Amino acid sequence: MNRLDRLEHLDRHLVDELTQVARETIRDELREQTRRQRRKAALYAASGAVALYAGAAVALAVGLALALVLPDWAAALITAAILAVVAYVLRGAARPSASHPSASHPGASGPPPSVPPAVPPTAAGTPYPPTAAPGGHGAAPAPRPGDGPEQPHHRA
């Protein structure tokens, strides 16, 4: 039995040593990846700052060009309007379109939950058709307060 105890001790020592080597290897790899990611993020931030200044210079050039033929205040106003239109178009391009709903945002293409759906009135003048025949048989239960698309649904 003494020999088995010694082998068991060697196995534990080997496992501890392998665990330590694996931890150090993983730690070194993560440090290297973090260093590369940090450098890349700094370059992207610098690129964005320079692009912002380049855009400001273009806006200034447009304003100065317009100021040659218009009063200064009108040139500044027109430049601001052009920038506002460009910002609006870019914002619209960033949003998912209604004709192409995104798979990751199933409710993104519909109206906000606070806006009721547009349903044309029926012949009787009510906005929604009745859910059951008069007399109340088979009518759908009234929605409870707090029920809505943003509330989680639980089975009872």
Side-chain angles (χ1 to χ4, degrees), residues 2-121 127-128 131 140-156:
N2 190 11
R3 183 180 170 129
L4 288 177
D5 289 340
R6 191 167 28 133
L7 288 177
E8 187 176 311
H9 175 69
L10 288 175
D11 287 345
R12 283 187 195 150
H13 180 67
L14 181 62
V15 168
D16 290 342
E17 196 171 320
L18 286 173
T19 303
Q20 183 178 359
V21 169
R23 283 182 185 154
E24 289 174 1
T25 305
I26 291 171
R27 189 176 296 134
D28 291 342
E29 182 65 27
L30 288 175
R31 279 188 187 130
E32 181 63 30
Q33 286 180 0
T34 303
R35 189 176 306 125
R36 278 187 259 136
Q37 294 290 335
R38 194 178 306 138
R39 183 175 184 272
K40 192 183 296 186
L43 290 173
Y44 272 118
S47 170
V50 170
L52 180 68
Y53 282 111
V58 168
L60 179 64
V62 168
L64 290 174
L66 287 173
L68 293 174
V69 293
L70 295 170
D72 292 343
W73 64 268
L77 190 63
I78 291 172
T79 305
I82 290 171
L83 290 173
V85 168
V86 169
Y88 183 77
V89 168
L90 289 175
R91 187 190 76 178
R95 288 187 172 178
S97 64
S99 61
H100 301 96
S102 173
S104 63
H105 299 90
S109 63
S114 62
V115 178
V119 177
Y128 299 100
T131 57
R144 296 179 299 197
D147 282 352
E150 64 275 333
Q151 298 297 323
H153 298 284
H154 301 287
R155 294 181 189 245

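What you see is a predicted model, and the numbers here were worked out from it, not measured in a lab. Hydrogens, waters and symmetry mates are skipped; everything else that's a heavy atom, side chains included, is used.
When each of Thr19, Val21, Ile26 is paired with Arg23, the side chain to side chain contact (heavy atoms under 4.5 Å, CB included) condition holds for Thr19 and for no other.
Within the structure, the salt bridge (charged side-chain N to carboxylate O under 4.0 Å, His left out) test picks out the following pairs touching residues 35-56 (sequence neighbours left out): Glu32-Arg35, Glu32-Arg36.
Ala80 is linked by a side chain to side chain contact (heavy atoms under 4.5 Å, CB included) to nothing, counting only residues two or more places apart in sequence or in another chain. With sequence neighbours excluded, the residues that form a salt bridge (Lys or Arg N to Asp or Glu O under 4.0 Å) with Asp28 are Arg31. When the side-chain hydrogen bond (donor to acceptor under 3.5 Å, both in side chains) test is applied to Glu29, the partners found at least two apart in sequence or on another chain are Gln33.
Heavy-atom minimum distance, Ala75 versus Ala67: CB-N, 3.5 Å.
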For residues 44-66, tabulate all N or O donor-acceptor pairs below 3.5 Å that involve a side-chain atom, not counting sequence neighbours.
none

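Separation of atoms CG (Leu77) and CG (Asp72) is listed at 12.5 Å; rounding is to 0.5 Å.
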